[in-house]
Structures are given as structure tokens and as C-alpha cells.
Amino acid sequence: MDETDDGYDYKRYRDLLAEATDESKRLELIDLLIKEGARDQLTRERIRRLGLTKLMDRPRNRD
């Protein structure tokens, strides 16, 4: 995975994975990842439909 992707909080996911010590916690983590991924995909689709992709393509100031 590319840790420079601004859409994911890798530290949070690593911590949740470390806490997933049993099957139910692992399933909760999988469900969370699916929900957040679906939400992010819907947001990207809405942005494209609204024609706002040029805003997303601009370089970000990472100071």
C-alpha cells in the first residue's frame, strides 16, 4: 500500500489491526474498511459528476 495516499489513515488502521485479536474484531475491521472505502469511492464519483476533478488534480502544498 502507498502510505502517501491522503484518503487513508494508515496509523489508525495498523492500530485497529493490532487490536483485532479475535475473529469478531477482525470482522469488524474488515467491515469498517469496506464501509470507508465505499464512502470514499462515492465521494470521488460525486466530485467527477459535478465536474470538480480539476480541483483534485491541482498539486497540494505539503508544508
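Keep in mind it's a predicted model, so treat the numbers as computed, not measured. Side-chain atoms are counted along with the backbone in the values below, which use heavy atoms only and exclude waters and symmetry mates.
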To the nearest 0.5 Å, tell me how far [X] [atom1] sits from [Y] [atom2].
X: Ile34; Y: Leu29; atom1: CD1; atom2: CG; answer: 9.5 Å
X: Leu16; Y: Arg26; atom1: CG; atom2: CZ; answer: 14.0 Å
X: Glu19; Y: Glu28; atom1: CD; atom2: CD; answer: 11.0 Å

With sequence neighbours excluded, what pairs up with [X] under the side chain to side chain donor-acceptor pair (under 3.5 Å) test?
X: Arg46; answer: none
X: Thr21; answer: none
X: Gln41; answer: Arg44, Glu45

Do Leu32 and Leu17 share a hydrophobic cluster (ILVMFWY, side-chain heavy atoms under 4.5 Å, transitive)?
-> yes
